[in-house]
Amino acid sequence: MGEEENNNSSSKNSGGCDGGMVEAPAAKENGRAADPRLQAISDAIRVVPHFPMPGIMFNDITELLLRPAVFKDAVDMFVERYRGMGIAAVAGIEARGFIFGPAIALAIGAKFIPLRKPKKLPGEVISETYVLEYGTDCLEMHVGATEPGERVVVVDDLVATGGTLSAAIKLLERAGADVVECACLIGLPKYKNFYKLNGKPVYILVESRK
Ligand SMILES: O=P(O)(O)OC[C@H]1O[C@H](OP(=O)(O)OP(=O)(O)O)[C@H](O)[C@@H]1O
Ligand SMILES: Nc1ncnc2[nH]cnc12
């Protein structure tokens, strides 16, 4: 299922899925020398074969979290990119977007919007179902979490097929937000040509090593 195009559906109306552009990893951006922080970030990501199912090379960020200097470098690189851009909200995707998103939001003076898995939010929600590398899932957002026209960055640890980010973009756009960019620590190169991100750029720090 993983290499098929995303097949998202919404519980209410949803925007079109135009296909997206993917920004080159920061290491290669504009031909500049790689930021020296990127190597340590890449080295701190553990690749676990056959998790959570056979054939999946799972990119595990928990080792990176055990190294405060590297964790801080990763957060700082996003903060440096989004500070001063008039970002009103950082939307983090459950679960691993909740690890990086709030730190980025606080540092740039933005609010944090949790995009949660089903039946976790107590208020009125809008929802989007989606297909990802190893299954299907659904994201929900509280109605009123964002105002029309607010500039929002979506944060997660990893983009594989892009199904999760695409669902997040749709949720935010249905609420009238202006999604500026998606930001992930890791991109899986094998899916590069399959991303469907509603025309929104994805800023990736490092590509998966395997
Ligand atoms: O680009 P995609 O193919 O959509 O896959 C990427 C998503 O998969 C992982 O989360 P997962 O769904 O495993 O949830 P978890 O963070 O709750 O473990 C990852 O943290 C992304 O959110
Ligand atoms: N290979 C992978 N590693 C970690 N998270 C993922 N989400 C989807 N594919 C993944």
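Counting starts at 1 for both ligands and their atoms, following the listed order. Model, not experiment: these values are computed from the prediction. Excluded from the calculations below are hydrogen atoms, water molecules and symmetry mates; all remaining heavy atoms, backbone and side chain alike, are included. Just so you know, residue 1 is the first one in the sequence shown, and it goes up from there.
- Under 3.5 Å, the side chains of T129 and D137 contain no donor-acceptor pair of N or O atoms.
- Considering backbone and side-chain atoms together, A160 places no N or O closer than 3.5 Å to any N or O of ligand 2.
- Of the protein's heavy atoms, R96 NH1, 3.2 Å lies nearest to atom 5 (N) of ligand 2.
- Rounded to the nearest 0.5 angstrom, N59 CG and I45 CD1 are separated by 6.5 Å.
- The nearest protein atom to atom 7 (N) of ligand 2, hydrogens excluded, is given as Y134 OH, 3.3 Å; this is a heavy-atom distance.
- The shortest contact between atom 8 (C) of ligand 2 and any protein heavy atom is with E133 OE1, 3.4 Å.
- Of the inter-residue distances, the one linking D157 atom CG with L205 atom CG reads 11.5 Å to the nearest 0.5 angstrom.
- If you take CD1 on I41 and CG on D35, they are separated by 7.5 Å, rounding to the nearest 0.5 Å.
- Every atom of ligand 2 is numbered from 1 in the order shown, and the set under 4.0 Å from a heavy atom of L188 is 1 (N).
- Between D157 and ligand 2, not a single N/O pair is under 3.5 Å apart.
- Of the protein's heavy atoms, N59 N, 2.9 Å lies nearest to atom 3 (N) of ligand 2.
- In terms of N/O distances under 3.5 Å, ligand 1 is not approached by L165.
- Of the possible polar contacts, none joining the R37 side chain to the A74 backbone as a donor-acceptor pair under 3.5 Å is found.
- Less than 4.0 angstrom separates some heavy atom of T161 from each of these atoms of ligand 1: 1 (O), 2 (P), 3 (O), 4 (O).
- Of the polar atoms of A95, at least one N or O is found under 3.5 Å from an N or O of ligand 1, judged by distance alone.
- Listed by atom number, the atoms of ligand 1 under 4.0 Å from D157 heavy atoms are 19 (C), 20 (O).
- Of the listed options V202, I99, L158, L185, L158 places a heavy atom closest to atom 6 (C) of ligand 1.
- Below 3.5 Å of separation, one finds an N or O of G162 facing an N or O of ligand 1.
- The residues E128 and R174 are annotated as salt-bridged, a charged nitrogen and a carboxylate oxygen being separated by less than 4.0 angstrom.
- Distances between N or O atoms of D137 and those of ligand 1 include no value under 3.5 Å.
- Near K117, meaning under 4.0 Å from any of its heavy atoms, are these atoms of ligand 1: 12 (O), 14 (O), 15 (P), 17 (O).
- Counting all heavy atoms, side chain and backbone alike, L139 lies closest to A167 at CD1-CB, 4.4 Å.
- Salt bridge status for E94 with R116: present, with a side-chain N to carboxylate O gap under 4.0 Å.
- Counting the atoms of ligand 1 from 1 in the order shown, those under 4.0 Å from a heavy atom of D156 are 20 (O), 21 (C), 22 (O).
- For the pair E147 and K111, the salt-bridge criterion is not met [side-chain N within less than 4.0 Å of a carboxylate O].
- With a heavy-atom cut-off of 4.0 Å, T164 touches ligand 1 through backbone and side chain alike.
- If you number the atoms of ligand 1 from 1 as listed, the ones under 4.0 Å from a heavy atom of A160 come out as 1 (O), 2 (P), 3 (O), 5 (O).
- Within a 6.0 Å radius of NZ in K117, more than 12 heavy atoms belonging to other residues, nucleotides or ligands are found.
- The shortest N/O to N/O separation between Y130 and ligand 1 does not fall below 3.5 Å.
- Taking hydrophobic clusters as Ile, Leu, Val, Met, Phe, Trp and Tyr residues chained together by side-chain heavy-atom distances below 4.5 Å, M53 shares a cluster with V48.
- Checked for salt-bridge contact, K200 and E173 meet the test: a charged N lies under 4.0 Å from a carboxylate O.
- Close contacts of ligand 2 with M57, meaning ligand atoms under 4.0 Å from a residue heavy atom, involve 1 (N), 2 (C), 3 (N).
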